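Here the structure is laid out as structure tokens; the discussion comes afterwards.
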Amino acid sequence: MDYGKFKYEQQKKANEARKKQKVIEIKEIKMRPTIDDHDYDVKMKAMKRFFDDGDKVKVTLRFRGREMAHQHLGMDLLTRVQKDTEVFAKLEQYPKMEGRQMMMVLAPR
């Protein structure tokens, strides 16, 4: 058997396997704790589309000024997001504060 032909066939198989792979990306959705209902619905629709594509979603809440004194509002919003997406997503990283941001990561089921 020709070694050059063997190497060529192995390379073709590796390229085919690479084409069929799906790279999971982390998409980010940014919100504020005082988000309105319609804006929230638009963000949820985008999140659903990301999950349908098989991507993870990082939900980030940014606190500004006096909002830092009301972090419970941010936690309530993130639990609302989690409950609204629990049908098609699972919680991968619990909500946590990082400076002025609160974030959590959701993965598709």
Side-chain angles (χ1 to χ4, degrees):
M1 183 171 175
D2 185 17
Y3 182 68
K5 182 177 179 182
F6 173 73
K7 290 244 337 163
Y8 174 76
E9 305 248 338
Q10 291 292 85
Q11 188 178 4
K12 287 294 244 187
K13 284 182 186 173
N15 285 344
E16 282 297 314
R18 196 176 310 122
K19 279 184 188 176
K20 293 177 183 171
Q21 280 184 345
K22 167 71 172 109
V23 177
I24 296 177
E25 297 180 28
I26 296 183
K27 303 286 188 171
E28 186 172 19
I29 298 283
K30 292 184 179 181
M31 296 184 190
R32 294 276 308 278
T34 57
I35 191 168
D36 203 29
D37 288 335
H38 181 262
D39 298 330
Y40 177 81
D41 294 339
V42 170
K43 299 279 188 182
M44 292 305 290
K45 196 178 292 183
M47 217 180 292
K48 175 95 169 87
R49 190 178 71 240
F50 293 151
F51 288 131
D52 290 342
D53 293 343
D55 297 325
K56 293 181 182 180
V57 176
K58 177 180 177 181
V59 182
T60 305
L61 281 180
R62 170 153 299 141
F63 294 93
R64 292 175 58 191
R66 291 187 182 168
E67 291 173 351
M68 284 297 288
H70 303 285
Q71 293 179 9
H72 63 278
L73 293 176
M75 191 58 92
D76 294 343
L77 181 64
L78 287 181
T79 54
R80 178 180 168 198
V81 168
Q82 180 186 356
K83 284 181 183 166
D84 290 347
T85 59
E86 69 185 353
V87 176
F88 45 85
K90 62 179 179 261
L91 187 65
E92 189 167 274
Q93 183 179 345
Y94 287 96
K96 67 175 183 177
M97 282 296 291
E98 289 183 355
R100 293 192 155 272
Q101 294 183 5
M102 187 179 284
M103 49 138 323
M104 75 174 179
V105 179
L106 298 166
R109 284 201 185 270

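Throughout, numbering of the chain's residues begins at 1 and tracks the sequence. Since the model is a prediction, treat every value here as computed from it, not as a measurement.
- Looking only at side-chain heavy atoms (C-beta outward), Met31 and Val81 come within less than 4.5 Å of each other.
- Proximity of Arg18 to Lys20: side-chain heavy atoms (C-beta onward) are nowhere separated by under 4.5 Å.
- Comment: Asp52 engages Lys48 in a salt bridge, judged by a side-chain N to carboxylate O separation of less than 4.0 angstrom.
- Looking only at side-chain heavy atoms (C-beta outward), Arg100 and Arg64 stay at 4.5 Å or farther from each other.
- Side-chain polar atoms of Thr60 and Glu28 form a donor-acceptor pair below 3.5 angstrom.
- Looking only at side-chain heavy atoms (C-beta outward), Lys13 and Glu16 stay at 4.5 Å or farther from each other.
- Gln93 is linked by a side-chain hydrogen bond (donor to acceptor under 3.5 Å, both in side chains) to nothing, counting only residues two or more places apart in sequence or in another chain.
- For the pair Leu106/Leu91, a side-chain contact is recorded, criterion being any heavy-atom separation below 4.5 Å from C-beta on.
- Every residue two or more places apart in sequence or in another chain that forms a side chain to side chain contact (heavy atoms under 4.5 Å, CB included) with Lys5 is listed here: Asp2, Glu9.
- Atom NE2 of His38 has 12 or fewer heavy atoms from other residues, nucleotides or ligands within 6.0 Å.
- Here Lys90 does not pair with Glu92 in a salt bridge; the nearest charged N to carboxylate O distance is not below 4.0 Å.
- Taking Ile, Leu, Val, Met, Phe, Trp and Tyr as hydrophobic and joining them when side-chain heavy atoms fall under 4.5 Å apart, one finds Met103 in a cluster with Val105.
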